[in-house]
Protein chains: 2
Amino acid sequence: MTESGRRPRADARRNRERLLAEADAVFRAQGTNASLEGIARRAGVAIGTLYAHFPNRRALLGTLLRQRNEALFDRGADLLDQPSPAAALTAWVHAVIAHAAAYQGLAAMLAEGVDDEASELHQSCVQMTDIGDRLIARARQAGALRRDATGVDIFALMNAAAWIAEQMSAEQAGRLVDLAMDGLLAPTA
Amino acid sequence: MTESGRRPRADARRNRERLLAEADAVFRAQGTNASLEGIARRAGVAIGTLYAHFPNRRALLGTLLRQRNEALFDRGADLLDQPSPAAALTAWVHAVIAHAAAYQGLAAMLAEGVDDEASELHQSCVQMTDIGDRLIARARQAGALRRDATGVDIFALMNAAAWIAEQMSAEQAGRLVDLAMDGLLAPTA
DNA sequence: ACCTGAACACCGTTCAAGT
DNA sequence: ACCTGAACACCGTTCAAGT
């Protein structure tokens with residue numbers, strides 16, 4: 001395995017980086033279900049090397065998303081301090097939709113990841129739900145909510161909209177979000 | 001080809017029916033992306049026979065959905081005569097979600113079918129959108145709408161909810177619909 | 001410690017040959 | 001008129017053998 005020793009061998013490190021770079025390019029162009037064989041080929045390594053570094057597709061994807069996730073969660077923390085709780089919640093929903101737009105098929109993997117504790121994406125899905133919970137709590141306290149809702153409801157809306165953006169268009173996804181947020185937020189917001 | 005002559009040969013007719021029966025069972029159990037090879041095997045025919053009867057997966061699926069679609073559109077016609085336009089629109093949304101729950105993966109094929117005129121499912125998708133348009137027009141006339149919306153918006157909501165039902169749960173899909181319908185329908189409804 | 005690539009078990013789709 | 005099944009071009013994943 002690649003993880004056992006302390007410093008990876010120089011060629012292993014290079015291979016890992018090339019694999020990540022090509023995976024990003026291929027996932028961007030062809031979606032998260034693109035051929036792993038093709039990624040290995042483009043990275044100039046045998047398919048076995050890809051598997052040695054990343055035991056499965058989700059592990060590869062999870063590594064690619066790590067930096068992006070950090071930026072997203074930083075944004076979530078910022079929004080928790082914003083003056084208007086209702087506007088913050090709406091901005092959060094749009095931020096996650098933009099995040100999920102990185103790769104076609106990502107919305108499905110995220111939706112799968114919330115409930116699957118074994119998924120490499122599980123942790124980040126839980127974190128998204130937590131931020132949703134906190135933003136909702138703030139909005140409720142400010143009297144900006146028209147009805148009950150949880151972080152999971154927000155998670156579902158974000159993923160549904162991200163999926164609609166993939167299947168139909170970003171505009172159509174925006175209209176779905178508008179409808180749902182109209183149902184959630186009190187007009188006083 | 002199978003369509004050229006007037007009456008199909010008896011064995012061809014039998015094969016076609018067995019293929020449809022097995023396809024329904026397999027799609028129900030494994031979703032719309034299940035192996036066609038497996039369906040042919042279960043139907044006791046060679047894979048070439050499946051392709052002779054149905055040129056692609058969507059054609060097979062479209063034939064399976066024909067009866068189900070008729071029932072759905074009859075329901076839509078009924079709802080257009082119902083006293084409360086707002087309740088009718090909500091009932092329609094739930095009817096389509098239940099329809100899409102037949103096979104895992106169907107929501108994605110429907111969402112694809114609206115824009116793809118070459119799809120065997122295109123016609124039924126357009127019909128769904130039309131019914132949504134008419135139900136919305138009735139609701140607007142009755143003053144039951146809070147904001148602008150089109151049949152396509154309703155189509156997007158139905159499909160998004162059907163997809164959430166597949167990925168998360170029917171309950172979660174229901175909560176999404178509740179949010180969006182709250183945003184769409186005026187409280188006077 | 002890491003990499004290679006053959007091996008295995010699957011796919012979808014086409015089409016020449018049969019009946 | 002219809003059916004068969006080999007053929008082709010792809011997959012994901014594993015693992016013995018190499019360096």
Side-chain angles (χ1 to χ4, degrees), chain A residues 1-23 26-27 29-64 103-105 108-109 112 118-120, chain B residues 1-23 26-27 29-64 103-105 108-109 112 118-120:
Chain A
M1 294 298 128
T2 269
E3 308 294 322
S4 57
R6 226 41 185 80
R7 309 197 189 181
R9 227 164 62 181
D11 59 340
R13 188 159 173 31
R14 271 219 332 273
N15 283 338
R16 195 185 129 93
E17 270 165 23
R18 282 209 64 188
L19 280 166
L20 284 170
E22 296 300 337
V26 171
F27 285 163
Q30 300 168 229
T32 57
N33 289 316
S35 159
L36 299 182
E37 183 82 43
I39 291 170
R41 199 163 38 227
R42 285 182 51 154
V45 300
I47 181 64
T49 301
L50 186 151
Y51 278 93
H53 285 275
F54 307 99
N56 56 54
R57 168 176 254 112
R58 279 193 317 270
L60 178 54
L61 197 60
T63 304
L64 281 176
Y103 311 127
Q104 169 111 1
M109 307 206 70
E112 191 191 317
S119 167
E120 285 79 358
Chain B
M1 294 296 133
T2 269
E3 309 293 323
S4 56
R6 225 41 184 82
R7 308 196 189 186
R9 226 164 62 181
D11 58 341
R13 189 157 170 33
R14 270 219 332 273
N15 284 338
R16 196 186 129 94
E17 270 165 24
R18 282 209 63 188
L19 280 166
L20 285 170
E22 297 299 337
V26 170
F27 284 163
Q30 300 168 226
T32 55
N33 289 316
S35 160
L36 299 182
E37 182 81 45
I39 291 170
R41 199 164 38 228
R42 284 182 52 155
V45 299
I47 182 63
T49 302
L50 186 150
Y51 278 93
H53 285 275
F54 306 100
N56 56 51
R57 169 175 254 110
R58 281 193 316 270
L60 178 53
L61 196 59
T63 304
L64 280 176
Y103 312 127
Q104 169 110 3
M109 306 205 71
E112 192 192 315
S119 167
E120 284 80 358

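Everything quoted here is computed from the prediction, not taken from an experiment. Numbers restart at 1 for each chain; the letters A, B, ... are given by sequence-line order, proteins then strands.
- Each of A/T49 and A/E37 has a nearest nucleotide on DNA chain D; the 5'-most of these lies closest to A/E37.
- Put simply, CD1 on B/I39 is 9 Å from P on C/dG12, counting in whole angstrom units.
- A pairwise comparison of heavy atoms in A/L50 and A/L36 identifies CD1-O, 3.6 Å as the closest pair.
- In terms of position along DNA chain C, the nucleotide closest to A/R13 lies nearer the 5' end than the nucleotide closest to the other residue of the pair A/R13 and B/A34.
- When rounded to the nearest whole Å, the span between CG of B/N33 and C1' of C/dT13 equals 16 Å.
- With both pairing distances under 3.5 Å, D/dG5 is matched to C/dC15 as a Watson-Crick or G-U wobble pair.
- The closest side-chain heavy-atom distance from B/L20 to B/H53 is not below 4.5 Å.
- Dashed line: the shortest gap from a side-chain N or O of B/H53 to OP1 or OP2 of D/dC2 is not under 4.0 Å.
- When each of B/R9 and B/G48 is assigned the nucleotide of DNA chain D bearing its nearest heavy atom, the one mapping closer to the 5' terminus is B/R9.
- Contact annotation: B/S35 reaches the phosphate of C/dG12 (side-chain N/O to OP1 or OP2, under 4.0 Å).
- Taking atom CZ of residue B/R41 and atom C1' of nucleotide D/dT4, one finds them 15 Å apart after rounding to whole Å.
- Residue A/I47 contributes atom CD1, which lies 13 Å from atom C1' of C/dA6 at whole-angstrom precision.
- An OP1 or OP2 oxygen of D/dC3 is reached within less than 4.0 angstrom by a side-chain nitrogen or oxygen of B/N15.
- In this structure, of C/dC2, D/dT4, D/dT14, it is D/dT4 that holds the atom nearest to the side chain of B/A46.
- Whole-Å rounding puts the B/L60 CG to C/dG12 P distance at 12 Å.
- Across all strands shown, A/D11 has heavy atoms under 4.0 Å from sugar-phosphate atoms exclusively, and none from any base.
- Rounded to whole Å, the distance from CG on A/L36 to C1' on D/dC10 is 14 Å.
- No option in B/V26, B/T32, B/N33 other than B/T32 meets the side chain to side chain contact (heavy atoms under 4.5 Å, CB included) test with B/Y103.
- If you take atom P in D/dC10 and the same atom in C/dA9, they sit 22 Å apart, rounded to whole Å.
- A straight line from CG of B/L50 to P of C/dC11 spans 13 Å, rounded to a whole angstrom.
- Heavy atoms only, all atoms of each residue included: A/R58 and A/S119 are closest at CD-OG, 3.5 Å.
- In this entry D/dC10 has no Watson-Crick or G-U wobble partner, no candidate having both defining distances under 3.5 Å.
- Across all non-hydrogen atoms, the minimal contact from A/F27 to A/A34 is CD2-CB, 4.3 Å.
- What separates CZ of A/R18 from C1' of C/dC2 is a distance of 17 Å, to the nearest Å.
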